[in-house]
2 protein chains.
Amino acid sequence: MSDLRSEIKREIESGEYNCEKELTLSIISGKWKIIIIYYLGTEGVLRFSEINRLLPKISHKVLTTQIRELEEDGVVHRKVFAEVPSKVEYSLTTLGESLIPIVLMMDEWGKKNIKHFPVAKNR
Amino acid sequence: MSDLRSEIKREIESGEYNCEKELTLSIISGKWKIIIIYYLGTEGVLRFSEINRLLPKISHKVLTTQIRELEEDGVVHRKVFAEVPSKVEYSLTTLGESLIPIVLMMDEWGKKNIKHFPVAKNR
DNA sequence: CTGGATCCTCTAGGATACTG
DNA sequence: CAGTATCCTAGAGGATCCAG
């Protein structure tokens, strides 16, 4: 098993998880998820292309799956407009908003402690 | 790329990370890491076998690597006693302790919200 | 008791091209 | 614009055996 989501999800569904922290971890662990949650939390509502612009390095398909999983987990709300060209807006659900404090703490912790880790100086 | 640690570590070393939250995520994302941090945080000092007893489902080798990585990241301290049979004690470093609030928030969030997720009833 | 060495499986994340 | 379909690869987590 490589990443955490699928495996922990399986454990949770079978009732064999080790502790509830795992649930939280399974939701936020994904290459881009905390950043997406963060942006939706601070910007409010974002279109697919807007998120993509905020995260230039993410590929199309990966952004789709990351958002889909967040949606499945009830963290993100997806609103489709019946227009051409298509328009889709994403926002946090109440559940998603309740994750913001955790994301902010992780942000603060990272900013405070990144100096302990090897980083290229050119930043 | 499968799991987050190696990839985000690479990004951080090259100075190409997206944001500092990623650093935090890269440290705690691992199948057993938050649980290990949690136990070390609440129990204080634990021997290898004691952690293993607390986490019966983890395999020997995996426990070793999870702890090694936490050690590399400066989160866990490893104290070896020159005895036979060998004895090794693990504890949190100051950096590790500073992660406790995050782990606790994740624990609370999970406990509070697990009801929104499909769980086997027999718990 | 602690933990290294091997071997294996599974899938997340990425690249790219196509579509309504 | 938003999203799906294919194909690929690196590595995490696991099982098992060996060793100081």
Side chain proximity check, [X] to [Y], heavy atoms < 4.5 angstrom:
X	Y	answer
A/F81	A/K79	yes
A/K111	A/M106	no
A/L92	A/H77	no

Please give, in whole Å, the distance from [N] [atom2] to [X] [atom1]?
X	N	atom1	atom2	result
A/L63	D/dA2	CG	P	10 Å
B/L4	D/dA10	CG	P	17 Å
A/K9	C/dC10	NZ	C1'	17 Å
B/L25	C/dA12	CG	P	15 Å
B/I8	D/dA12	CD1	C1'	14 Å
B/E16	C/dG14	CD	P	13 Å
A/E69	D/dT4	CD	P	13 Å
B/L55	D/dG14	CG	P	11 Å

Would you say a side-chain N or O of [X] is under 4.0 Å from OP1 or OP2 of [N]?
X	N	answer
A/R68	D/dT4	yes
A/R5	C/dT11	no
B/Y90	C/dG3	yes
B/S49	C/dT2	yes
A/R10	C/dT11	yes
B/S6	D/dA12	yes

Item to complete: Looking only at non-hydrogen atoms, find the nearest pair between B/L95 and B/D73 and report the distance.
Response: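 Where B/L95 meets B/D73 most closely, the heavy atoms are CD2-O, 3.5 Å.
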
Worksheet item: Does any donor-acceptor pair link the side chain of A/K61 with the base of C/dG14 at a separation under 3.5 Å?
Response: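 Such a pair exists between side chain and base.
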
Worksheet, complete the sentence: Ordered by number, residues from residues 71-86 of chain A within less than 4.0 Å of DNA chain C (heavy atoms) are A/S86

Worksheet item: Taking for each residue the nucleotide of DNA chain C with the nearest heavy atom, is it B/I67 or A/S29 whose nucleotide lies nearer the 5' end?
Response: B/I67

Practice prompt. Would you sort out whether B/K31 and A/E22 count as a side-chain contact (heavy atoms from CB on, under 4.5 Å), showing the intermediate values?
Written response: CA-CA 8 Å; B/K31 181 78 195 311; A/E22 287 192 309; 4.1 Å; yes

Worksheet item: Relative to each other, are the rings of B/F48 and B/Y90 parallel, tilted or perpendicular (30° and 60° limits)?
Response: tilted

Worksheet item: Looking across every strand, which nucleic acid part, if any, lies under 4.0 Å from A/V88 by heavy atom: base, sugar-phosphate, or nothing?
Response: sugar-phosphate

Discussion item. For a quick check of understanding: with a heavy-atom distance under 4.0 Å over all strands, which category does A/T64 fall into, base, sugar-phosphate or nothing?
Written reply: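 Base contact.
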
Item to complete: Walk me through it: do B/L70 and B/I37 pass the test side-chain contact (heavy atoms from CB on, under 4.5 Å)?
Response: CA-CA 9 Å; B/L70 289 172; B/I37 293 172; 4.1 Å; yes

Worksheet entry | Which nucleotide in C/dG13, D/dG13, C/dG3 has an atom nearest any side-chain atom of B/H60 |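 For B/H60, the side-chain atoms sit closest to C/dG3.
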
Response to the item:
Only residue of B/I34, B/I51, B/L54 satisfying side-chain contact (heavy atoms from CB on, under 4.5 Å) with B/Y39 is B/L54

